[in-house]
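Have a look at the structure below, then the notes.
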Amino acid sequence: MKDMPKAYDPKEVEAPLYQMWMDKGYFKPRIDPDKTPFCIIMPPPNVTGELHLGHALTATMEDLLIRWHRMLGDPALWIPGVDHAGIATQNVVEREIAKEGVSRHDLGREKFVERVWQWVGHVRSRISVQHMRLGVSCDWDREVFTMDEGPQLAVRTTFKHLFDDGLIYRGERITNWCPRCTTALSDLEVDHQETAGSLWYVKYPLLDDEGNPTDEFIRVATTRPETIVGDTAVAVNPEDDRWKDLIGRTALLPVIERPIPIVGDEAVETEFGTGAVKVTPGHDPTDFEIGGRHDLPVIVAMDDEAKMNEQAGPYDGVDRFETRKLILADLEKLGLLEKKEDHTSSVGHCSRCDTIVEPIVSNQWFVKTGPLAKPAIEAVKDGRIEITPRRFEDVYMHWMENIRDWCISRQLWWGHRIPVWYCIADGCEEMFASIEDPDQCPNCGSGEIEQDPNVLDTWFSSALWPHSTLGWPEDSEDLRYWHPTSVLETGYDILFFWVARMIMSGLYNTGEVPFRHVYLHGLIRDEKGDKMTKSRGNVVDPLEIVDKFGTDAVRFTMATGGAPGNDFRLFDEKLEGGRNFANKVWNAARYFVQSASEQSVQLPDAATLSSAAGRSDWPLEDRWIVSRTLSVSREVNRLLGDFQANEAGRLLYDFFWSEYADWYVEMAKVRLKEGDTSPLPVLAYTLQTSLRLLHPIMPFVTEAIWQHLRDHIDGLEEALIVAAYPTGDGETDSDAEEQTELVMDVVRAIRNIRAERGVEPGRFIEAYVASKSAGPTLEGTRPLVEALARVRPLHLVPDTTSAPSDGVASAVLSEAQVVIPLAGLIDAEAEREKLSKQLAEDAGEIKRLEGKLANEQFRSKAPAEVIAKEQEKLAAAGSRADGLRARIAELG
RNA sequence: GGGCGAUUAGCUCAGUUGGUUAGAGCGCAGCGUUGACAUCGCUGAGGUCGUAGGUUCAAAUCCUACAUCGCCCACCA
């Protein structure tokens, strides 16, 4: 506790501090009816494996908000959770057992699901450890799994309500089918990829009225000849002069030799292909609709692995792509393949396994989304839910307004089983939904009932997350207090998958919005800007960079890496910046601890601190840093409230490093080196305020320092995690800020001359600083200028007449002039050149400003304060120019 | 086919209600180490804010086109 090592070592402090926070129960909020709760439900990571950087970003942003609110005194609840991730997890476990040479069918449903549960147990603990390493201050006792009893009940209750309300239905519809996962998918689970392919022109012979062959043909164009076997019509646009006379006639399907009608349908584009399209209602969404309009039969010609079935005649049992080759060859032989063109089209791939999706008609369950979408649209429109960045509201609206029914059944084994039972007793065909497992048919009383074998889309349970984690469907105290939750924070890539559906089901189940704010963060990419994916092999384990740079470095980099909602690239150089900052904070604190030595420093009293008048007799630099601390505190709160963590982080970085460490601490040293301990209270004040401000972003280094500081500063709370967050209440002091800026400018000007003239760094030099207006300020800070610029003696004079003019270097500020005798180092010509260059710049500036101020339009239309500002700038530039001219004249 | 985002210093990025001479980190150049920090300090170089118009007293910021890159949505076989 006594010694602070020279370099901040995250490994030393992180684990014990996290343990301490847990042991003290700081992550667990108390319900306080008099306070405004702040609640975030963590997006549950999939139990498919490890966390990735996206999760680290989520954890960082949410923990930042939670810690901020906790310090503000709000009851702050953060519920962690894990998602069973139906299809994804099933795939992962299938791959696992495949290593043992076993398929899920070998095991059977029950055994397989057992294996998945084993996997879940293993992965969950790994995920928790990763989260803890990131410093998340969530309430671990409330961790929820989507397959837990509570969420199970919520799922069944929701299903039952929707079912009874007629908002869930079952039907033979065309859906996206993954032949590898052998399940239906929702539209969102299909990735469309532009793929180069071919467009084949095929001739279908026409039959006459008696059904006899003719020598006429109708020519169709298709990208998928293998589906010819499922054709049940040819469609043409009824306006198309080339073809419209054929409507009502019959064509003969090649190879299969099935007569099919020619129908007229508006959906057919006359521009594309031949203007005639083969209609395959069983294997194409558009064709399914055309089929519906013309009452065409639906032929499904493939099995669930996309091999052709008995409907495909000669191709029975053959894979779909093999069939394509065979059928093309057959058409060629028959002389019916007219030509082939290159054609790129977008081909759907399974988002889980990348297999080409097959549209297939099958019996699936759907949520009727229209009635649910309406209130969800309203909630965003009327501002009950705000989405940040704002542009995503439009994206949300567009999707919602064009929403299509949601296919929720999956032919999987892992997931929430659909709570629907069928009576298989003779003569009874009852189908019913139930929350509890039923033991008999409510219609006929028979015990011969079977549950639907399918499971629900994973996102069905995720959609209930904000209320199901708080106890719904029970009317729990948690639900009443914490719901609606405050912020839903996640990546913009799951706006539709998750956010939109939570809003719909939240409103449906609870009548309330599930959350007030949606904050969507960007995606983390690698150094080249590529998305991190397993197949690219550029995935980074968060623990890897946490081990290398420390959690705070990772969090700082995540929080400040980019603007809200924008993607950003992550690489080591950025993380080094974060690590260096943590080290900087550590060392600045270390300096304070050393300076305070054995004594425990008393912070300035609150009343004095908060009033500028109360501070008026303090040294200028003390007044300055306190004023700056107040404005920075205010600004940080404002930015965090606007979800601009990036700007808040940058502001704190600049404030702490440039203003506190580089300037204030260096100024404080001037007194401290004389044995004057008067800066200690202000050092203590600024340091501990900075730590409070920084804690939500960098919890470990700040808490570690805090625990050291408690021995050196009086009255600090027992732990920073529960200390009060500074809000910047108190008067700032613009006079002190301006005067300090002047002092810093003078110091910089002298340093600049020294560097340019090659004066040895250690050497003290004589300098003249001339100023009428700033005389008293400079007099009051004489020791600072002397020490920081290494000047001795320092002559403070009203004007430069008393300064030497030969062999001097000079700098001209608007309020002061610096003259440094450096005989021997000065080239008069170079000096004149330098000053003239500056004068030219100032002259340009003056000209610009004068023009602007002379402009009648500007004077009449611009706000007074803008005009005043421009006048000030002009005065400053004028004053600089006068000074420069005088200096140049003195050079002779 | 619609929509969105990006385009600012060599690199990575900020710049959120239009108003300083456009900023930071890294990199680069020069100088510097007997106690906070070389994971550092000091000084400096470096940008006509993608292009072309427009609105305005005032544009990196608002509008319109265009270009390049990326993403999302969409049933053109």
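Just so it is clear: chains get the letters A, B, ... in the order the sequence lines come, proteins before strands, and each one is counted from 1. It should be emphasised that the depicted structure is a prediction, and the values quoted were computed from it without experimental measurement. Computed over heavy atoms, backbone and side chain alike; hydrogens, waters and symmetry mates excluded.
- To the nearest angstrom, P of B:U16 lies 22 Å from CD1 of A:Ile387.
- For the pair A:Glu635 and A:Arg638, the salt-bridge criterion is met [side-chain N within less than 4.0 Å of a carboxylate O].
- For the OP1/OP2 pair of B:A77 and a distance below 4.0 Å, the side-chain nitrogens and oxygens of A:Trp200 include no atom meeting the criterion.
- Between A:Arg650 and B:G15 there is no side-chain N or O to OP1 or OP2 distance below 4.0 Å.
- For the C1' atom pair drawn from B:C26 and B:C40, the interatomic distance equals 16 Å after rounding to whole Å.
- With a cut-off of 3.5 Å on both Watson-Crick or G-U wobble distances, the partner of B:U34 is given as none.
- B:A59 sits 16 Å from B:G50 when the C1' atoms are compared, rounded to a whole Å.
- No hydrogens or angles were tested; on distance alone, a donor-acceptor pair under 3.5 Å links the side chain of A:Lys669 to the base of B:A36.
- B:C13 is paired with B:G23 under the criterion used here, namely a Watson-Crick or G-U wobble arrangement in which both key atom distances are under 3.5 Å.
- Ring geometry for A:Phe272 versus A:His343: interplanar angle over 60°, hence perpendicular rather than tilted (30 to 60°).
- Residues A:Gln644 and A:Tyr492 each lie close to RNA chain B; by heavy-atom proximity, the contact nearer the 5' end of the strand is made by A:Gln644.
- Spacing between B:G19 and B:C63 at atom P, rounded to whole Å, works out to 15 Å.
- A salt bridge links A:Arg224 with A:Glu358: the distance from a Lys NZ or Arg NE/NH1/NH2 to an Asp or Glu carboxylate oxygen falls below 4.0 Å.
- Relative to the six-membered ring of A:Tyr591, A:Lys669 meets both conditions, a distance below 6.0 Å and an angle of at most 45° to the axis.
- Side-chain atoms of A:Ala7 lie closest to B:U39 of the nucleotides B:A38, B:U39, B:U12.
- Counting atom types as modelled, A:Glu872 pairs no side-chain N or O with a base atom of B:U20 as donor and acceptor under 3.5 Å.
- Among the nucleotides B:A36, B:C75, B:G41, the one closest to the side chain of A:Val665 is B:A36.
- Checked against B:G19, B:G32, B:C76, the side chain of A:Glu269 finds its nearest nucleotide in B:C76.
- Between A:Asp394 and A:Arg391 no salt bridge is recorded (no basic side-chain N to carboxylate O distance below 4.0 Å).
- Between A:Arg754 and B:U43 there is no side-chain polar atom (N or O) within less than 4.0 angstrom of OP1 or OP2.
- Pair assignment for B:C76: none, as no Watson-Crick or G-U wobble contacts are both less than 3.5 Å.
- In terms of polar N and O atoms assigned as donor or acceptor, the side chain of A:Glu666 comes within less than 3.5 Å of the base of B:A36 in a complementary pairing.
- For A:Asn566, no side-chain nitrogen or oxygen approaches OP1 or OP2 of B:G5 to under 4.0 Å.
- Taking the six-membered ring for Trp and the full ring otherwise, the centers of A:Phe656 and A:Tyr660 sit less than 6.0 Å from each other.
- Here B:U17 presents its P atom at 17 Å from CZ of A:Phe643, a figure rounded to the nearest Å.
- Of the candidates B:A74, B:G15, B:G41, the closest approach to any side-chain atom of A:Glu647 belongs to B:G15.
- The C1' atoms of B:A9 and B:G53 are separated by 27 Å, rounded to the nearest whole Å.
- A gap of 10 Å separates the P atoms of B:G41 and B:G25, to the nearest Å.
- For B:C37, its base sits under 3.5 Å from the side chain of A:Lys584 at one donor and acceptor pair at least.
- With no hydrogens or angles considered, no side-chain donor-acceptor pair links A:Asn646 and A:Thr560 at under 3.5 Å.
- Across B:G27 and B:C11, the matching P atoms stand 15 Å from one another, rounded to whole Å.
- Looking at the side chain of A:Pro285, the nearest of the listed nucleotides B:A36, B:C75, B:U43 is B:C75.
- Listed pair A:His398 / B:G2 fails the phosphate criterion, with no side-chain N or O lying under 4.0 Å from OP1 or OP2.
- Checking the phosphate oxygens (OP1, OP2) of B:U12, a side-chain nitrogen or oxygen of A:Arg569 falls inside 4.0 Å.
- Pairing of B:C4, defined by two Watson-Crick or G-U wobble distances under 3.5 Å, is identified with B:G70.
- Of the nucleotides present, B:U43 is the one that pairs with B:A29 by Watson-Crick or G-U wobble criteria, both distances under 3.5 Å.
- Remark: B:G18 base-pairs with no nucleotide; criterion is Watson-Crick or G-U wobble with both hydrogen-bond distances under 3.5 Å.
- In this structure, the CG atom of A:Asn587 is 10 Å from the P atom of B:G41, given to the nearest Å.
- For A:Glu845 and A:Arg880, the salt-bridge test fails: no basic side-chain N is under 4.0 Å from an acidic carboxylate O.
- The phosphate of B:C40 has OP1 or OP2 within less than 4.0 Å of a side-chain N or O from A:Asn580.
- Across the strands present, B:U64 finds its partner in B:A52; the criterion is a Watson-Crick or G-U wobble pair with both atom distances under 3.5 angstrom.
- B:G70 and B:G10: their C1' atoms are spaced 23 Å apart (whole Å).
- Atom name P, nucleotides B:U12 and B:G44: the rounded distance is 27 Å, in whole Å.
- Side chain of A:Arg404, nearest nucleotide from B:G5, B:C42, B:C75: B:C75.
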